[in-house]
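Throughout, protein chains are lettered first and strands after them, A, B, ... in sequence-line order, and every chain is numbered starting at 1.
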There are 2 protein chains.
Amino acid sequence: MSGHLAIVGLGPGDARYLTPEADEALAAAQALYGYGPYLERVPVRADQSHYASDNREERARAAAALAHAAQGARVAIVSGGDPGVFAMAAAICEEIEFGPQIWRALDVTIVPGITAMLAVAARIGAPLGHDFCALSLSDNLKPWELIERRLDAAAGAGFVIALYNPVSRARPWQLGAAIERLRRHLPPSTPVVFGRAVGRQDEQVHVVTLDAVDSANADMATLVIVGSRETRVIERAGRPPLVYTSRAAAEDSA
Amino acid sequence: MSGHLAIVGLGPGDARYLTPEADEALAAAQALYGYGPYLERVPVRADQSHYASDNREERARAAAALAHAAQGARVAIVSGGDPGVFAMAAAICEEIEFGPQIWRALDVTIVPGITAMLAVAARIGAPLGHDFCALSLSDNLKPWELIERRLDAAAGAGFVIALYNPVSRARPWQLGAAIERLRRHLPPSTPVVFGRAVGRQDEQVHVVTLDAVDSANADMATLVIVGSRETRVIERAGRPPLVYTSRAAAEDSA
């Protein structure tokens, strides 16, 4: 079978984050699939077709791209950030596992990208400088009780926590509930970073303390990083503060 | 103060992972600092000076780069992977916090890169497709008991676990001990991915089950990903298997 599917990470919004490997994969494709706003970042070329779909249509998009590749085409499906982190690569694998047997014969390439937590962390210092976890607050595919158990485990053991999908129009209360939960484990002074639209024109990154978090400041384009007992803030006159997590464990850690 | 320090993520070994932003930061530098093998990846240019140092000299390297930048120079310090993940960005922040006050006035830029776990995951499928954590097995700066507590918490709550710094010449037993610990929590059939030197000529990525892990297969260039109850392996005739973590929670998760 000659079909090929590349699952391509575009990184955060700006083209300065796009790796040469991603560039090549996009250039080699005959057909491009993706969530509309991500696909719009790829310039239209006359000999390539674009198939945009809605955010909530991941499975249908994955299946359509696989079916197209199985016809012998070179297909690329794009993800914001990294395709392997709460994004299209797992959806594609799931379709391959439960789809037609011939999809297993396809040549599938996954092109990594800069995921949101790395981009946000880089803007503010090194909050992910020590042990950390990445947790999606979407309870569409897992029960909220499991998310609470994971928040308890991560904060209780001293991991820094990157919260993906903190809110959406259909999930307005989850970030507030998660922050409440984390307040049981962490000191009020724990630094919390809000990063929105990093790498885009309207980028906003700011740091607050856990007791002062207002979850209304987050939207679908926001990534939240909640520090640990080792996370520190360096104030700088005339410059934004630096937030970093020390590589050495605090005496009272976890 | 006109000095500038860029902390630049080179990504995994191959230049195809180097972002345009990293390229620009390297091109703009007058002086480059870094661990020897990382620095060697940056072509030498007649008008740039290279300062290579040993792996264990992170603090001294950070201080030297800051002092150089504080003289008004444009300095870049390079990291493999992402500088914010178990790498130079936290070391630099630490030096800034406890060093001379004038270092706080420096213009510091952090350029994110593809960190090892994203590169390894992309090679094998999407093992980080759902909630996961990144944990360093180095007990140089934290007690081993804390690492055990974090392994317990992460595996007990159903996180996929990326293990950084699994072994070194001075730390030969930590990976074996960590795997033993994880066997208390996870089924013997749990997929474990070993990724070595991803993006380099001698790249090796393979998957085993938790009961069959031989920690002697890891070295300093290895990243290990231990799956969760949601991590699945898709066998493919004539192609390497795909390993992915389902976005939907298993009924017995955690």
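Neither the backbone nor the side chain of A/A162 comes within contact range of chain B; no heavy atoms are under 4.5 Å apart. There is no contact between B/P127 and chain A, counting heavy-atom distances below 4.5 Å. Looking at B/S136, both its backbone and its side chain come within 4.5 Å of chain A, counting heavy atoms on both sides. Using a 4.5 Å cut-off between heavy atoms, A/P12 makes no contact with chain B at all. No part of B/A22 comes within reach of chain A, as not one of its non-hydrogen atoms sits under 4.5 angstrom from that chain. Contacts of B/L242 with chain A are made by side-chain atoms alone, with heavy-atom separations under 4.5 Å and no backbone atom involved. Contact of A/A237 with chain B is not made at all, since no heavy-atom distance falls under 4.5 Å. With a 4.5 angstrom heavy-atom cutoff, A/Q101 does not touch chain B via any of its atoms.
Of the residues considered (A/M88, A/E58, A/R123), A/E58 shows the highest number of contacts with chain B, using heavy-atom pairs under 4.5 Å.
Residues B/E97 and A/I234 share a closest heavy-atom pair of CB-CD1, 3.7 Å. Residues A/R239 and B/A105 approach most closely at NE-O, 2.9 Å, considering heavy atoms. The two residues B/C93 and A/G125 have their closest heavy-atom pair at SG-CA, 4.2 Å.
The closest side-chain heavy-atom distance from B/V111 to A/R16 is not below 4.5 Å. When side chains are defined from C-beta on, B/Y244 does not count as touching A/I96, because their heavy atoms never get closer than 4.5 Å. Here the side chains of B/Y17 and A/P112 are in contact, with some heavy-atom distance below 4.5 Å. Side-chain contact between A/T19 and B/I114 is present, with at least one heavy-atom pair separated by less than 4.5 Å.
For A/K142 and B/D131, the salt-bridge test passes: some basic side-chain N is under 4.0 Å from an acidic carboxylate O.
With sequence neighbours left out, the salt bridge (Lys or Arg N to Asp or Glu O under 4.0 Å) criterion links B/R181 to B/E148, B/D152.
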